[in-house]
Each structure stands twice: as structure tokens, then as C-alpha cells.
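Only one structure is covered here, and it is reproduced in the block below.
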Amino acid sequence: MRRKPASAALALGVLLLGAVPAAAQESPSCVGDVNASDVQARPGPNLRFGIGPLVQAGQIGPLPSPAVPEQPERTHDALARLRPPGGAFVLRLNRFFWSDGEEGIRRYLALAERFTSRGYLVELQVRYHPNEQQEGDIAAWTQHVREVVRRFGANRRVVALQIANEVNLTFSPDSSDGSYEGARQALVDGVIAAKDEAAKNGLNHLEVGFNWAYRTDPGQEESFWRALRDRGGQEFVRAVDWIGLDAYPGTVFPPAESDLGGYRDGMVNGMSSMRCFAAIPGIPASVPMKVEENGWPTYPGRSQAMQADVLREMVRAVHDYRGTYNVSDYRWFNLRDGDSSSPQPFQHFGLFDSAYREKPAFGVYQGLVAALHRTEAAFPVAVIRGRPRITMRLRYRSARDRRGRRCAPGPVRATVRGRDIRFVRRVGFRVGSRKLKRILVRRLPITRIVIRPRRLQARRYRVRAGLRLKDGRMLRLTRTFRGCR
């Protein structure tokens with residue numbers, strides 16, 4: 001595998017860890033809003049909250065650092081306490097590598113089922129992370145992405161795919177994809193392929209996006225965002241449903257803050273910088289932003305009490321400026337430490353330590369989620385009140401049979417339409433006891449099928465449509481017609 005030279009990686013690592021003054025890192029074009037107090041806080045819909053539930057985290061550098069094994073029941077108990085009443089809670093599943101092949105797909109299908117069966121929504125991080133044979137083979141990568149869309153999209157509570165991870169970071173293959181050959185093209189082509197495959201299969205509940213690590217040096221960032229513009233153009237922009245921000249003020253960038261107000265400034269600078277950079281490829285402000293990763297680790301010199309204060313400050317900053325930067329979602333990184341005894345900083349971001357002992361930050365995040373979350377009523381695409389307004393209509397050429405009765409001498413067109421057709425995920429048609437066709441909803445607001453029975457006898461045909469709604473319910477519609485002898 002081709003990597004950046006060690007000297008370049010080391011220099012960038014030092015930069016990210018804050019050894020270089022912040023003033024030296026400012027981009028002339030996208031400095032962003034530096035002081036939160038100078039920015040107008042505009043209201044917007046409440047945030048949809050979530051967290052990373054898995055214990056393994058990417059480490060800065062080339063190799064992973066092993067985590068203390070998970071205890072699933074303790075994980076579920078902690079998530080149940082965080083989940084807000086009457087609201088959605090999103091779990092972000094990370095470290096799903098292309099190089100893991102079929103074994104990885106099956107593992108993450110099982111994880112998705114494990115969490116969605118308990119009522120959570122799932123967001124899947126689809127890592128490029130190729131092996132030596134795969135690296136740079138973008139055609140094979142896009143086929144993998146399409147397969148992921150088909151197999152995971154069948155679970156209606158898998159609501160989002162993040163294609164690749166932190167491609168603007170070029171020195172840390174364990175945590176990010178930017179050091180692999182073809183990573184930028186993989187991001188562009190992967191987003192386009194994912195959106196196209198979702199549309200082909202009628203998976204209109206599945207949103208596609210990508211993320212950006214806040215941030216590296218100005219030249220690297222300008223190059224990254226221009227590459228998205230030059231490689232993807234408007235086809236890429238149209239395929240992007242959301243953009244994701246990974247921000248670690250006081251840990252990655254900006255460097256360690258002297259007061260809590262600096263963390264608020266850091267989050268505002270991260271959100272505003274991403275909006276500025278996203279305009280380079282032409283991603284409009286109407287495309288929502290998600291804070292995909294935000295955290296602050298605890299280790300000697302960084303107390304658990306301070307983590308709770310920093311968490312409160314950063315979450316409040318995102319909430320206060322959600323309307324200013326069109327932010328829809330927030331995820332804390334992570335639920336539990338990977339290994340609380342490890343010297344690696346990225347093993348210590350949890351709201352629990354690796355023995356499932358609760359840190360003070362857990363109660364703070366629990367309270368903020370309960371107070372600030374978006375309710376289910378704000379997600380009409382997933383929840384339908386009362387009976388949906390959907391009907392089925394039969395259209396055919398009318399004739400009379402030998403007994404003078406009205407009949408259908410040729411093809412019959414069954415059409416499902418109505419104001420609430422957008423709530424439909426799948427439609428299946430039957431004629432009598434024969435299953436005729438099952439289709440995914442692709443063209444809205446009308447879904448139709450042409451029925452051509454082999455012999456239209458002078459008897460009654462019953463056409464039944466079974467509609468699977470996005471909230472899990474089934475709606476059954478029935479109409480009849482007569483065939484001609």
C-alpha cells in the first residue's frame with residue numbers, strides 16, 4: 001500500500017495535536033467564524049441525537065489499538081438510559097472496512113439488526129480501507145458500495161450511509177481513509193454509486209453523505225475540496241444528502257483550550273469552516289450538516305469532571321447555532337472507552353470507562369438529549385397518523401361479454417396513488433391467489449402495474465395490493481374486474 005512519506009505524516013500529526021499555533025493554520029479563504037459571540041444564533045428544528053455504541057475506535061497512526069471486549073447487555077442498558085422519550089436516537093456504526101469482505105458485511109448486518117430490532121436508527125460508516133489487492137480499484141469499490149446499499153437498505157431503520165471516512169486526513173490509515181491510493185475518487189464515486197443504487201431500488205429512506213475532519217493545514221484542505229469539485233461535479237453534488245463534521249476542539253484542533261468558551265468557539269469555527277469549504281464543490285447551504293463525531297477524552301491531566309463541562313459547552317454550541325449552519329444531527333464519540341488503561345488518547349472518549357463505570361459526562365449528555373432532542377412528530381416520513389390516504393384504481397378497455405355484462409377484454413392497469421404514497425416503502429400485487437409482482441416505490445406519487453392474465457375468462461378477478469409502510473404497518477387494498485369469455 002502506498003502511504004505518505006513518514007516525515008509528512010509526522011509533521012501533519014504534530015499539527016493536528018496542536019503544536020503549531022492556531023494563527024499559523026488559518027486558511028485565507030475559509031478561516032470560518034472565530035468568535036461565537038460575533039455570530040448570530042438562528043433557531044432551527046431541534047437536533048436528532050445519537051452516539052457511537054461500539055467499543056473499538058480508530059487510532060491516530062497506522063495500527064489499531066485493541067479494545068477491552070464489549071459486554072452487550074451493559075451496552076444496551078446504557079443506550080436505553082440515553083434514548084429520549086418520544087424521539088429518535090441514532091447509533092453510528094464505525095469501522096466497517098471494504099477489506100473485511102463478506103465477513104465484514106455479515107458482521108455489520110448482524111449489528112444493524114441487533115440495534116434496529118430494539119428500536120434505534122442506524123447510520124453506517126462505509127470505510128474505503130482497502131487491502132493491497134483492492135487499493136486503487138475504484139470500479140470494484142463502487143460495486144461493493146452498491147452491494148452495501150442493497151443489503152443494508154432492506155432494513156428500513158438503517159437510515160444513512162457515510163461513504164469513506166475523513167479522506168482529508170492523509171497520515172492515519174487506521175482512523176481515516178485519506179492515505180490510501182484513490183481515496184478521493186473512492187469518496188466521489190462511492191457517493192454517486194450509493195445514491196444511484198438507492199434510487200434504483202426505491203430505498204428513499206436511505207440518505208447518503210460523507211464526512212470531513214476538522215481540520216488539517218490550509219493547502220491540504222483547499223486541495224481536498226477542489227478535488228471533490230473537479231472529480232465529481234454536479235453529479236456528485238446532487239448525490240449528497242448531508243455532510244458530516246468530525247470535530248475535536250482541545251484535542252485535535254484547535255489545540256488545548258484555556259477556558260470553556262474556547263470550546264464553544266471551536267465548534268462554531270468547525271461548523272462555519274465546513275460550510276465555507278463545502279461551497280467549493282458547490283454543495284449548497286440547504287444540504288444539512290451532521291456533527292458525526294465530537295468528543296473529549298479523559299486521561300491523566302484531563303479529568304472526568306472537565307469532560308462533563310466540555311461536553312455541555314460543545315453540545316450547547318451546536319444546538320444554539322443549528323439554524324445558523326443548518327445542522328440537523330449530533331453524535332457524541334463514544335459510549336464507552338476502548339481501554340481505559342491504554343496510553344492512546346483515542347481510547348478514552350467514552351461516557352463510561354472500559355469497565356462500564358459511569359463518568360459524570362454521561363448524566364450531562366443524558367440530560368441534554370432529553371431536553372433538546374427532536375420528537376418523532378418532526379419525522380413525518382417515518383410516522384403516519386391515522387389511516388393513510390392511498391387508493392387503488394383499475395383502468396381497462398370496457399366491453400360486453402356474451403351475456404351482456406361489462407368486462408375487460410385486454411390488459412388491466414392497477415394504479416396505487418394518493419397524498420400519502422410517500423409513506424410507502426414497498427408495494428406487492430396479487431391477482432387471486434397468484435402473486436403477480438412486488439416492487440419498490442420508485443416513481444412517486446404513482447405506482448402502477450399492467451395485469452395480463454393468460455385467459456380473461458367470464459369470471460370475477462380480485463386484484464389485491466399490499467403496501468408496506470415506512471412505520472412498519474401493512475395496508476391492503478382490493479378491487480375487482482371481470483374478464484371476457
Side-chain angles (χ1 to χ4, degrees), residues 30-52 82-92 121 123 159-160 162 207-215 240-250 253-254 260-279 283-296 309-333 361 364-382:
C30 285
V31 176
D33 298 316
V34 177
N35 297 313
S37 59
D38 296 335
V39 180
Q40 182 180 359
R42 296 190 178 97
N46 279 358
L47 298 169
R48 183 170 62 171
F49 284 93
I51 201 166
L82 279 178
R83 185 176 179 178
F89 198 66
V90 184
L91 303 184
R92 182 172 181 266
L121 301 179
E123 193 169 66
V159 295
Q162 176 199 300
E207 296 186 333
V208 178
F210 69 98
N211 69 337
W212 172 70
Y214 168 67
R215 68 183 165 108
V240 174
D241 293 317
W242 54 270
I243 55 177
L245 172 66
D246 292 4
Y248 295 92
F253 182 85
L260 288 175
Y263 292 97
R264 184 176 179 87
D265 292 340
M267 292 307 297
V268 166
N269 187 248
M271 292 183 288
S272 60
S273 295
M274 186 170 198
R275 276 293 171 210
C276 178
F277 281 121
I283 298 172
S286 59
V287 173
M289 180 191 300
K290 301 179 182 182
V291 176
E292 287 290 280
E293 293 183 17
N294 180 218
W296 198 86
D309 292 337
V310 170
L311 182 152
R312 182 185 294 106
E313 196 72 17
M314 293 192 299
V315 173
R316 281 287 181 183
V318 177
H319 171 77
D320 291 348
Y321 294 93
R322 66 194 187 281
T324 306
Y325 304 111
N326 188 18
V327 183
S328 63
D329 290 66
Y330 177 91
R331 319 270 180 265
W332 177 262
F333 184 91
V364 173
Y365 191 51
Q366 182 185 39
L368 289 168
V369 170
L372 306 178
H373 76 279
R374 191 185 308 182
T375 63
E376 289 284 3
F379 295 95
V381 74

Is any side-chain heavy atom of [X] less than 4.5 Å from a side-chain heavy atom of [Y]?
X: R275; Y: M289; result: yes
X: V240; Y: F210; result: yes
X: F89; Y: V369; result: yes
X: Y214; Y: M271; result: no
X: H319; Y: L368; result: no

Ignoring hydrogens and geometry, is there a side-chain-to-backbone donor-acceptor pair from [X] to [Y] under 3.5 Å?
X: N269; Y: V31; value: yes
X: D241; Y: V208; value: yes
X: D265; Y: N35; value: no
X: H373; Y: R83; value: no
X: R374; Y: S328; value: yes
X: R215; Y: G270; value: no
X: N326; Y: A285; value: yes

How close do [X] and [Y] get, heavy atom to heavy atom, and via which atoms?
X: Y321; Y: V39; value: CE2-O, 3.5 Å
X: G295; Y: W332; value: CA-CH2, 3.5 Å
X: R331; Y: E292; value: CB-O, 3.2 Å
X: P249; Y: G266; value: CG-C, 4.1 Å
X: R264; Y: A36; value: CG-CB, 3.9 Å
X: M267; Y: A317; value: CB-CB, 4.0 Å

Rounded to the nearest 0.5 Å, what separation is found between the [atom1] atom of [X] and the [atom2] atom of [Y]?
X: E293; Y: L245; atom1: CD; atom2: CG; value: 9.5 Å
X: F333; Y: N294; atom1: CZ; atom2: CG; value: 11.0 Å
X: K290; Y: Q162; atom1: NZ; atom2: CD; value: 9.0 Å
X: T324; Y: D33; atom1: OG1; atom2: CG; value: 9.0 Å
X: L372; Y: L47; atom1: CG; atom2: CG; value: 7.0 Å
X: L91; Y: E123; atom1: CG; atom2: CD; value: 10.0 Å

**Study point:** Worked check of side-chain contact (heavy atoms from CB on, under 4.5 Å) between L260 and V310
**Key:** CA-CA 6 Å; L260 288 175; V310 170; 4.0 Å; yes

Check your understanding: So Y325 and V318, side-chain contact (heavy atoms from CB on, under 4.5 Å) or not? Walk me through it.
Key -> CA-CA 9 Å; Y325 304 111; V318 177; over 6 Å; no

Exercise for review: Take the angle between the ring planes of Y365 and Y330 and call it parallel below 30°, perpendicular above 60°, tilted in between.
Suggested key: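 Rings of Y365 and Y330: tilted, 30 to 60°.
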
Check your understanding: Between F49 and V315, does a side-chain contact (heavy atoms from CB on, under 4.5 Å) hold up when you go through it step by step?
Key -> CA-CA 10 Å; F49 284 93; V315 173; 3.9 Å; yes

